[in-house]
Amino acid sequence: MSINFPSFLRTWSRRNCALLVGALVLTASCQSRSAQDDAGGIVIVNAPVAGEVRRVLVREGAQVGAGEMIVEIAVRNEGASAPPVQPEDPQARAAKSVTTAQTEIEAARAEVVRTQVEVQRLTPGVAAGQASQGELDGARANYERAQQRFQHAQDAAQGAQSGLVAARQPTFSPATKSAATPAEQIIAARASSAGTVRVLNARVGDHVAAGQPLATLRADAP
């Protein structure tokens with residue numbers, strides 16, 4: 001049996017070329033699908049704000065759902081108000097007012113006695129020509145002012161005493177709650193889609209910037 005070598009070679013070349021082209025196309029297709037899987041299945045969870053990582057709520061290899069919290073970040077409120085100062089006890093304040101009023105009464109009473117003695121001293125002196133009428137009139141004016149001051153002190157003491165009695169009465173009004181601004185706020189970084197946690201880049205106590213990657217997820221296939 002004779003073989004036509006030129007015809008055989010042409011047939012063998014066409015077959016091998018077809019196989020080679022098919023293998024190259026298959027390899028390129030597989031590489032293309034692998035590149036698409038690597039690029040399209042990755043989800044990056046970024047820090048929504050700058051702050052300190054307070055808690056890491058997942059571990060590497062864990063399955064998470066869309067919207068699930070991954071990391072909690074504490075944000076310091078610069079305008080946070082200081083703790084409110086406790087008001088003075090009403091009874092203590094009323095008792096202090098009573099003490100002040102009593103002290104004022106004693107001072108006013110001493111002024112009345114002093115000016116009265118001055119009037120009594122000058123009155124006979126005017127009659128005897130030892131003092132002028134002007135001096136006596138001035139002493140009487142000081143005496144009247146001292147009496148007015150004494151009366152005002154007594155009225156103030158009475159009001160302070162009434163306030164003390166009222167402060168000792170039980171009250172049933174609810175206590176007013178303080179509206180102080182909290183010192184810090186907790187913001188959560190969440191997964192945008194369901195998947196598996198591959199890498200965690202955040203640790204408790206880390207200070208992160210807004211937009212910084214915190215975790216890498218492999219998204220679940222649709």
Side-chain angles (χ1 to χ4, degrees), residues 47-57 69 71-189 202-210:
V49 293
E52 180 182 345
V53 175
R54 186 54 49 86
R55 289 199 302 167
V56 178
L57 304 174
M69 293 189 298
V71 175
E72 285 186 351
I73 301 173
V75 180
R76 181 75 180 178
N77 291 328
E78 299 298 335
S81 59
V85 179
Q86 292 296 330
E88 186 179 4
D89 181 67
Q91 292 190 32
R93 183 170 60 251
K96 185 182 298 184
S97 297
V98 170
T99 301
T100 301
Q102 290 175 346
T103 302
E104 180 64 20
I105 285 178
E106 295 302 322
R109 180 183 287 114
E111 183 69 11
V112 167
V113 172
R114 187 186 67 79
T115 54
Q116 184 179 19
V117 169
E118 184 67 9
V119 170
Q120 292 174 350
R121 183 184 70 82
L122 291 175
T123 299
V126 171
Q130 298 176 352
S132 65
Q133 185 63 40
E135 289 177 331
L136 180 58
D137 292 341
R140 287 173 176 173
N142 290 335
Y143 176 62
E144 290 178 0
R145 285 194 294 270
Q147 286 181 316
Q148 292 175 358
R149 178 187 174 189
F150 180 64
Q151 184 62 45
H152 291 162
Q154 286 182 319
D155 294 342
Q158 185 176 359
Q161 190 64 39
S162 299
L164 179 59
V165 173
R168 288 173 177 171
Q169 299 299 321
T171 58
F172 301 97
S173 59
T176 303
K177 294 183 178 181
S178 172
T181 303
E184 66 179 23
Q185 183 180 7
I186 301 298
I187 304 295
R203 299 292 182 270
V204 174
D206 289 350
H207 291 272
V208 297

Please report the shortest heavy-atom distance between [X] and [Y], naming the atom on each side.
X      : Y      : answer
Ala202 : Val53  : CB-CG2, 4.2 Å
Ala139 : Leu122 : CB-CD1, 3.7 Å
Ala146 : Val112 : O-CG2, 3.3 Å
Arg55  : Val204 : CA-CG2, 4.2 Å
Pro48  : Ala189 : CD-CB, 3.7 Å
Ala47  : Val208 : CB-CG2, 4.1 Å

Problem set entry | Gln158 atom CD, neighbour heavy-atom count above 12 within 6.0 Å |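 Atom CD in Gln158 is not packed in, count stays at 12 or less.
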Nearest 0.5 Å, what's the [atom1]-[atom2] distance between [X] and [Y]?
X      : Y      : atom1 : atom2 : result
Arg145 : Glu111 : CZ    : CD    : 9.5 Å
Arg149 : Ile105 : CZ    : CD1   : 11.5 Å
Glu118 : Thr123 : CD    : OG1   : 9.5 Å
Gln130 : Arg121 : CD    : CZ    : 10.0 Å
Arg54  : Glu184 : CZ    : CD    : 4.0 Å
Thr99  : Glu104 : OG1   : CD    : 13.5 Å

For this session: Examine distances only and state if a side-chain atom of Asp89 and a backbone atom of Gln91 form a donor-acceptor pair shorter than 3.5 Å.
Result: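 Yes; judged by distance alone, with no hydrogens or angles, the pair exists.
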For this session: Might you work through the side chain to side chain contact (heavy atoms under 4.5 Å, CB included) test for Leu57 and Val71, ending with a clear yes or no?
Result: CA-CA 6 Å; Leu57 304 174; Val71 175; over 6 Å; no
Exercise. Are any of the side-chain heavy atoms of Val117 and Arg114 separated by less than 4.5 Å?
Worked result: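 Of all side-chain heavy-atom pairs linking Arg114 with Val117, none is under 4.5 Å.
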Exercise. So Gln116 and Gln147, side chain to side chain contact (heavy atoms under 4.5 Å, CB included) or not? Walk me through it.
Worked result: CA-CA 10 Å; Gln116 184 179 19; Gln147 286 181 316; over 6 Å; no
